[in-house]
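Chain identifiers are assigned alphabetically (A, B, ...) following the order of the sequence lines, protein sequences preceding nucleic acid strands; residue numbering begins at 1 within each chain. The model shown is predicted, which means the values in this text are computed figures rather than measured ones. When reading the values below, keep in mind they use all heavy atoms of this one structure, side chains included, and skip hydrogens, waters and symmetry mates.
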Number of protein chains: 2
Amino acid sequence: MKLEILTTNDSENVQKKIISQIRDLINYKNLEPGDKLPSERMLSEKFEVSRGNIREAIQKLEFYGLLKSIPQSGTFVANIGVIALNGMIEDILSLEDPDFKSLVETRILLELKTARLAALRRTEDDLKAMAETLEAYTNKVKAGEDAVQEDLLFHLAIAKASKNTTINTFMLMITPGIITNFEKYHVCDKNLAQKGIQEHYDIYEAIKNQDPQLAKQKMKDHFSVLYQYCYNSNSEK
Amino acid sequence: MKLEILTTNDSENVQKKIISQIRDLINYKNLEPGDKLPSERMLSEKFEVSRGNIREAIQKLEFYGLLKSIPQSGTFVANIGVIALNGMIEDILSLEDPDFKSLVETRILLELKTARLAALRRTEDDLKAMAETLEAYTNKVKAGEDAVQEDLLFHLAIAKASKNTTINTFMLMITPGIITNFEKYHVCDKNLAQKGIQEHYDIYEAIKNQDPQLAKQKMKDHFSVLYQYCYNSNSEK
DNA sequence: AAATCGTAACTGGTTAACCAATTATAACAA
DNA sequence: TTGTTATAATTGGTTAACCAGTTACGATTT
């Protein structure tokens, strides 16, 4: 039994082990940026795991910009230096899954910025897209229906108008987690949704009038209610 | 020739096409959250692409939290509703690769927050880790060597001390892009690196003394020089 | 000795067959 | 009719063989 616990690793732990082994290999062989890693086949043999596991680990490191695979040629160490590489791999290995609180905290941070940037950079098309999502939200709320999705789509429209692709990507990444947790904890009741209509409209107007300060402030107001609501009724996880 | 241009799609475009076809299918079949998607085999036959392409597309949508694959069971629509799903897929399809300007803009936003949060939440271990990276940076600069990597590792240590896993992940994601661009444009010259020592130390002290306002301000000062330098000498991409 | 060419080994990527677990089905029993 | 069980089909995941492009290297020619 004990033996089984020790030897049975889920695929996540296998991947972490492979990643740390790749790091050790790079250090041991003194591989410089641009150098070629041993082939996937050799690594799978050396680490005694399937080639699929190796590819998975390489893809993760490629996602974080530490490796670069080139077809029919090899996998190469990225141009960021061994010190940064070691530090980053260490951080990646110790990364934990995001909790709801960190999601909300990050969302507010990003949204205050997107509101400001959208006010500065929005085009007429952006305004049109925002108006559409705002109308969909309003109709849903007035019909007494749940409108969490339409709410988030309005915010994503602002993110798109901010013309910052990095923040836009990050907003997309956190949105599903926000939606599921909101619905789970019933964060948005009808009372809150009614207020939301006016708040959304205020944000929209500020962006339309290209007033970054006001846009940020209105977004802040919007979240202050939400924030407060979250931490009063659902302070845990 | 023209025909070849029209029919030859790189794998990225193939994936985008599959993703939009999956979206159409969900809409056409009125699949609700939690419903099961057709099997990978059926999809690959229906869309006339390999099963591998299908898996790749599903994995991307799974990354953004829109689908969920369960072994030996099926692929399921996430619990976020069809409206949000449609909107998000649209956004994902139109996402472009991040440019350097958006990376820097996002980095500053995140770092002002991590400095503040780290001042509030840092442990003794966090301080120790920060001090180590700070020392490595100082030594490198005093030896007249390039210290971009050590610079970034100090900032990542702050991110870790902020105890916000989402922001920490985002910092890790943008760091390689920052490093390569910095080295490409030689953003950090020796003069700037010398100033950096004092600035880093100021940030460290503020976090150590648990002064969030000061930590944020010192981080802002740190970036104002960098920012200015960026936009003066390298305003273009 | 140097340059060129061709061959053979090696690369990451792709594919089709296979696997174990789940699920649907239908036969059977109560 | 209802509940149970055995079985067959289906699922996502895994694997090993295969592919096309790249690279290394040595024979050959000049």
- In terms of side-chain heavy atoms of A:Ser69, which of C:dT11, C:dG12, D:dG12 is nearest? C:dG12
- Task: Please report the C-alpha distance between B:Leu25 and B:Leu43 in whole Å, then the side-chain angles of each, then the deciding distance to 0.1 Å, and finally whether the side chain to side chain contact (heavy atoms under 4.5 Å, CB included) criterion is met.
- Result: CA-CA 10 Å; B:Leu25 189 70; B:Leu43 290 176; 3.7 Å; yes
- Message: From the set D:dT14, C:dT22, D:dA20, return the single nucleotide nearest to any side-chain atom of B:Gln72.
- Response: C:dT22
- Item | Distance in angstrom units between B:Leu37 CG and D:dT11 P, rounded | 11 Å
- Are the side chains of A:Ile158 and A:Met219 in touch, meaning some heavy atoms are under 4.5 Å apart? yes
- Task: Whole angstrom is fine here: how far is it from CD1 in B:Ile54 over to P in D:dG12?
- Result: 11 Å
- Most 5' of A:Gly52 and A:Pro71 on DNA chain D, judged by nearest nucleotide: A:Gly52
- Task: Please state whether the rings of B:Phe63 and A:Phe63 are parallel, tilted or perpendicular, taking 30° and 60° as the class boundaries.
- Result: perpendicular
- Looking at C:dG12, does its base get a donor-acceptor pair with the side chain of A:Arg55 below 3.5 Å? no
- Task: Rounded off to whole Å, could you give me the CG-to-P distance for the B:Leu67 and D:dG13 pair?
- Result: 12 Å
- Task: Report the distance from atom NZ of B:Lys160 to atom OG of A:Ser94, rounding to the nearest 0.5 Å.
- Result: 3.5 Å
- Item | A:Glu62 CD to C:dG12 P, straight-line distance once rounded to whole Å | 11 Å
- Query: Do A:Asn27 and A:Asn86 get their side chains close enough for a donor-acceptor pair, meaning under 3.5 Å?
  - Reply: yes
- With respect to the side chain of A:Arg51, which nucleotide from D:dA20, D:dA17, D:dT11 is positioned closest? D:dA17
- Message: By nearest atom, which of the nucleotides C:dT11, D:dG12, C:dT22 is closest to the A:Ser39 side chain?
- Response: C:dT11
- Message: Without decimals, in angstroms, what is the distance between B:Ile70 CD1 and D:dT11 C1'?
- Response: 11 Å
- Query: When the distance from CG of A:Leu43 to C1' of C:dC10 is rounded to whole Å, what number comes out?
  - Reply: 14 Å
- Message: Whole angstroms only, please: what is the CZ-P distance between A:Arg41 and D:dA16?
- Response: 12 Å
- Please give, in whole Å, the distance from D:dG12 P to B:Gln59 CD? 12 Å
- Message: Check this one for me: any side-chain N or O of B:Thr75 less than 4.0 Å away from OP1 or OP2 of D:dG12?
- Response: yes
- For DNA chain D, whose closest nucleotide is more 5', that of A:Ser50 or that of A:Ser73? A:Ser50
